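Reviewing the structure listed below.
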Amino acid sequence: MPISSDCRMIEPPSPIPFKTPPRHERGMRDSSGWRPTAYRSHTIGQVVANGADMVGSEVTLAGYAETVRGRGAICFLMLRDGTGRIQAFLKKDNMGEALFDAIQSATRESTVQVTGTVAQKRPPEVAEGEPSPPPEYEVNVSTGAILADAAAPLPVGVIDEVNVGLDVRLDNRHLDLRRAHVNAMFQLRAKVLQYGRDHLISEGFQEINTPKIIVAAAEGGTNLFSLQYFETPAYLSQSPQLYKQLAVLGGLERVFEIGPAFRAEKHDTYRHLNEFISFDIEGAWMDDEDVMGVLERMMCHIWSQVAANDLDLIDAVNVFRASQGQDPVSVEVPSLPFPRIPYCDAIDIVQAEGGEIEWGEDIESHHCDIIATQYPGFHFISRWPMSMKPFYIHHKEEERGSSGGQLSRGFDLNYGRDEMTSGGQREHRVDVLEQNLRDMGLEPADFTFYTDGFRYGAPPHAGWGLGVARLLMVLTGASNVREVVLFPRDRSRVTP
RNA sequence: GCCCUGAUGGUGUAGUGGCCUAUCAUGCAGCCCUGUCGAGGCUGCGACCCGGGUUCAAAUCCCGGUCGGGGCGCCA
């Protein structure tokens, strides 16, 4: 369409003269500090928030055509960008007829640029006795351009209330993301990572990055994806475990990493993916209790910051939930400390409620359901049997379980039935590490890539790994991790 | 890998052997309308996952396949 070739380019940015209240509209970004760009003089959010002061001034806006209501010689275009939503009012008399017709017949979700003057919108008719809504503002368009046409029909409706299957949504994630509640979930994800970072940095942790292409497993157990690294067979990392420990051994004291982990397991559940983002920390001179403290303080910080700053995003999620007949989610800041349930006590709880489990067996999901009835929020399950933990977990000889089995300093953080975090104090004595390997039927000579790091002095240390998507599930009420992962990778999905 | 369950216009659905030339919503297309705002009115468009079988007759029953959903297992 020739019209798209003459879209208006904006002069270079000037200082922003606005004081925008944060988040004027549910789920929209605060753009009060955003500068003009080549394609717009203002964000829609800036005009919506400052409309009263801007009446009569000319603005150029750009966004997605959410709806186009043609009325013959006039036309209402609801324009949306990531910061807000505003009505553009087009009158055939006020602009070129070809442009008017082009915009009036634009398909939904086409991107459109308009230039016009800000005006107060005529108030909608309200029923007798109803209060008039607060004044709103619109743009009386004098010129514009269609930047990119959207094909019709859309595979996923952006404002339709029809519920769309997850598979169709993920195949069209770029469109799915335009939906308010989905967009809000990913804003929340960024906030959770931001607040988590803020908190760890405030406790002296520094951010690191570790390699994801490795030659040997950083730890045993799970299956790895193999690949060819030039002439060498290699794998994708399943955990930063070894590397964050080496960083601590190297004197970085307190480190964290937010990065991908890959596991070639054929699991197919709402809470597992084959590529996921793991939020890991490791700290020197710490034991399991110390890092549990870091974790619960971080959780508390994240939840209280979301409660203070981002409830509009939660609201956006709840609006959608209400349309689907689901209960709203709420942000209840957890109190400190989180309950600590030693493994032995957890077994007692499950047994007392009729669950079948013996000391030394794993606490499975249906057991967690039982525990969660008594501890519905965040809770630690600590001091697991050494036999159930990897060789690098620390133990103290004298700490024995109710049946006499060796306990470890490994712990999990659960919420409800789901495991959020696994962590523990690490074994820093190389001779004990090697004995642990032998106890588990493994050959120390096969693990020198790991144990060699411990031969030159090692601080006692501890750490944990947190599944970011699982945390988001708790915060947003999502029932599947795929909801809160942009482009999830599971057993049957490698695209888009 | 196991058990259960499902596949109908672009999307979400109704439909338990003949009443299906397939329901409804949304969508899409066209027309009318110079202030709509969940716009409205009118007219259209568009679907039974694939292959085989049973039957006079299959969206519907059977078999196989493909692809989903739920539960579980596997999973530091």
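Quick caveat: nothing in here was measured; it's all calculated off a predicted structure. Just so it is clear: chains get the letters A, B, ... in the order the sequence lines come, proteins before strands, and each one is counted from 1.
Applying the 4.0 Å criterion to OP1 and OP2 of B/C74, one finds that A/Arg271 has every side-chain N and O outside that range. Remark: A/Ser492 is in phosphate contact with B/G68, judged by side-chain N or O atoms under 4.0 Å from OP1 or OP2. Listed pair A/Arg69 / B/C33 fails the phosphate criterion, with no side-chain N or O lying under 4.0 Å from OP1 or OP2. The shortest distance between the side-chain N/O atoms of A/Arg108 and the OP1/OP2 oxygens of B/G27 is below 4.0 Å.
Between A/Glu136 and A/Arg122 there is no salt bridge, since no side-chain nitrogen of the basic residue lies less than 4.0 Å from a carboxylate oxygen of the acidic one. The existence of a salt bridge linking A/Arg108 and A/Glu66 is excluded, since no basic side-chain nitrogen approaches an acidic carboxylate oxygen closer than 4.0 Å.
In terms of polar N and O atoms assigned as donor or acceptor, the side chain of A/His272 comes within less than 3.5 Å of the base of B/C75 in a complementary pairing. Counting atom types as modelled, A/Glu265 pairs no side-chain N or O with a base atom of B/G73 as donor and acceptor under 3.5 Å. The base of B/C75 has none of its N or O atoms less than 3.5 Å from a complementary donor or acceptor on the side chain of A/Lys266.
In this structure, A/Arg426 is not positioned above the aromatic face of A/Tyr392 in the sense of NZ or CZ being under 6.0 Å from the six-membered ring centre and within 45° of the axis.
Rounding to whole angstrom units, CD of residue A/Glu109 and P of B/G27 are separated by 13 Å. As rounded to whole Å, 17 Å separates atom C1' of B/C75 from atom CG of A/Leu236. Rounded to an integer number of Å, the gap from CG of A/Leu90 to P of B/U36 is 16 Å.
For B/G38, there is no paired base (Watson-Crick or G-U wobble, both distances below 3.5 Å). In this entry B/C67 has B/G6 as its Watson-Crick or G-U wobble partner, both defining distances falling under 3.5 Å. Summarising the base pairing, B/C45 is matched to B/G27 through a Watson-Crick or G-U wobble pair whose two defining distances lie under 3.5 Å. Remark: B/U16 base-pairs with no nucleotide in the shown strands. Criterion, Watson-Crick or G-U wobble with two distances under 3.5 Å.
Within 4.0 Å (heavy atoms only), A/Lys92 reaches no atom of the nucleic acid at all. Backbone-only engagement by A/Glu364 is indicated by non-hydrogen atom pairs under 4.0 Å involving sugar-phosphate atoms exclusively. Residue A/Gly157 is out of contact with every strand shown, counting any heavy-atom pair closer than 4.0 Å.
Here the separation of B/U21 from B/A47, taken at their P atoms, is 15 Å to the nearest Å.
Put simply, the residue from A/Leu295, A/Leu471, A/Leu200 that forms a side chain to side chain contact (heavy atoms under 4.5 Å, CB included) with A/Phe279 is A/Leu200.
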